[in-house]
Asker: 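Before anything else, here's the structure in question.
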Amino acid sequence: MSVLEDIFIKIMGSKIFKNRDLLKPDYIPEKLPHREREIIKLGSLLAPALKGDRPNNVFIYGLTGTGKTAVTKYVAKKLEESAKKFNAKVKFSYVNCRQNDTPYRVLVELCESIGVKVPFTGIPTAEVWRRFIKGLEVLSAQMIVILDELDCLVKKHGDDILYRLTRANENLRESQISLIGITNDLRLNDFLDPRIKSSLGEVEMVFPPYNAVQLEDILLERAKKAFYKEALDEGVISLCSALAAREHGDARKALDLLRVAGELAEQEGAEKVTLNHVWRARDELEKDKVSEIVRTMPLHGKLILLSILKLKKRREKLPTSGKIYSTYKSLCYALDIAPLTSRRISDIINELDMLGLITARIVNRGRYGRTKVVKLNVQHKFLEDIVAEEPRLKEVLRKR
DNA sequence: CGTCCACAGGAATGACGGGCGG
DNA sequence: CCGCCCGTCATTCCTGTGGACG
């Protein structure tokens, strides 16, 4: 029997997943535990749309995995259903601003959602804008625009499009627009023009993180339908919840852990998902995250990471920026690459800190100056594997 | 108690590449 | 389509800093 066939048989014979899709991040369940209040609040805020009144603009804050998108989509779905019943003209448009991260692309998305066709390049933004307004007038509806991950758009391209959208109602007679802005970044306010702040932030909602108990409820709810009975070992759900609670109560993380643990169990033909699978799922997820960050990092960032790694391996003490810089320089020398200035390296170290790969804190050592002490936050094994993917770095790594 | 270490990190400036308006 | 402008990455030059040491 071939290896591949073996895998297929294992999957087919597996009694783990009933419906794996229920654990995917974009799935919107029928029940959202511990978000009942948010659902009611958002629902009542948007309800005027059914009567043809423009709802207030809403701004939703919350860290990743706090249910912002799920709640918004859920309410949108329900409202659309009701609108059909009451024969009210309500139109929702959901745009993810991370995927569509230019004003142009956002506008194109909006046009398409109301059935206006525009080429995705070739015509000026102003023309797309004009067609959007025209299409909207024909539609004669209450339009509710959901801008998810708004921070990505605003940080890259400013708040101009928000300004236009909030002001669009002045040019509309048959239709009206209202906005729902969703952001992970609580500091987004600082990037916004005060005028926008006042009009977009007519109502603000903050989604608090889930605690471990709440996460457990969420997982239980999903697991009921996603897994076969008895497929989960005792404590699996609690462990997933606990691990995710540690990371600012991220429900998506909790679901990811559970799903990946299940996948691991399935792949090896296990009867049940065990605690061990969860731990391995955590490693897997961390590795994925780290590898994604590292892979897209410029060469010198990788070299710095490598330098930290080498220092950590060789010596006992925590590396300081000076030490890192000199090992980095010798690394560059060995690879025949021109090294950057220490000033720049200082910034790169800060960037790595921002990404969460390392923790750098400033330490005063009196007579012996002032430095940044750096601590690696990732398991060495992962980093080595990932950094080694860069062919040039591979040999350096082999040489200890 | 002053010095001075070993950097931190701000400001100004330049090279480069990519998107936008005309 | 082209030139322009803007953001990013990097360098240069610089001032600032907490505390161990003499």
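Letters A, B, ... mirror the listed sequences (proteins, then strands); counts begin at 1.
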Asker: When the distance from CZ of A/R361 to P of B/dG9 is rounded to whole Å, what number comes out?
Answerer: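 Atom-to-atom, A/R361 to B/dG9, this comes out as 14 Å.
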Asker: Could you tell me how far apart A/R370 (CZ) and B/dC4 (C1') are, to the nearest whole angstrom?
Answerer: 14 Å
Asker: Do any side-chain nitrogens or oxygens of A/T371 fall under 4.0 Å of OP1 or OP2 in B/dC7?
Answerer: no
Asker: Could you check whether any side-chain heavy atom of A/Q142 comes within less than 4.5 Å of a side-chain heavy atom of A/P55, counting everything from C-beta outward?
Answerer: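 Touching, per the 4.5 Å side-chain cut-off.
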Asker: Report the distance from atom CD1 of A/I362 to atom P of B/dC5, rounded to the nearest whole Å.
Answerer: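 Answer to the nearest Å: 20 Å.
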Asker: Count the heavy atoms belonging to other residues, nucleotides or ligands that lie under 6.0 Å from CD of A/E271, then report whether that count exceeds 12.
Answerer: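 Open.
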Asker: Taking atom OH of A/Y27 as the centre, does the number of heavy atoms from other residues, nucleotides or ligands within less than 6.0 Å exceed 12?
Answerer: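 Atom OH in A/Y27 is crowded, with more than 12 foreign heavy atoms closer than 6.0 Å.
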Asker: Which nucleotide in the set B/dC7, C/dA10, C/dT12 lies at the smallest distance from any side-chain heavy atom of A/R343?
Answerer: C/dT12
Asker: Does a side-chain N or O of A/Y368 approach OP1 or OP2 of C/dC21 to a distance below 4.0 Å, or not?
Answerer: yes
Asker: If you look at every strand shown and take non-hydrogen atoms under 4.0 Å, does A/N350 touch a base, only sugar-phosphate, or nothing?
Answerer: sugar-phosphate
Asker: Using whole Å, report how far CD1 of A/I348 lies from C1' of B/dG9.
Answerer: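 Result: 15 Å.
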Asker: For a 4.5 angstrom cut-off between non-hydrogen side-chain atoms, does A/D233 reach A/L275?
Answerer: no
Asker: Are A/R367 and C/dC21 close enough that a side-chain N or O sits under 4.0 Å from OP1 or OP2?
Answerer: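 No.
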Asker: Between A/N364 and C/dA20, is there a side-chain N or O to OP1/OP2 distance below 4.0 Å?
Answerer: no
Asker: A/E351 CD to C/dC9 C1': how many Å, rounded?
Answerer: 9 Å
Asker: Any chance the rings of A/Y228 and A/F17 have centres within less than 6.0 Å?
Answerer: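 No; A/F17 has its ring centre 6.0 Å or more from that of A/Y228.
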Asker: Measuring to OP1 and OP2 of B/dC7, would you say a side-chain N or O of A/S321 lies under 4.0 angstrom away?
Answerer: no
Asker: Counting heavy atoms from C-beta on, name the nucleotide in B/dA8, C/dC21, C/dA10 closest to the side chain of A/L340.
Answerer: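 Shortest atom-to-atom distance from the side chain points to C/dA10.
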Asker: Could you check which of B/dG9, C/dT11, B/dC7 has an atom nearest any side-chain atom of A/K372?
Answerer: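 For A/K372, the side-chain atoms sit closest to B/dG9.
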Asker: Starting at CZ of A/R344 and ending at C1' of B/dC7, how long is that distance when rounded to a whole Å?
Answerer: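 Atom CZ in A/R344 sits about 17 Å away from atom C1' in B/dC7.
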Asker: Roughly, in whole Å, what's the span from NZ in A/K302 to P in C/dC9?
Answerer: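 Rounding to the nearest Å, NZ of A/K302 and P of C/dC9 are 15 Å apart.
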Asker: Once you round it to whole Å, what is the distance between P of B/dG9 and CD1 of A/I345?
Answerer: 15 Å
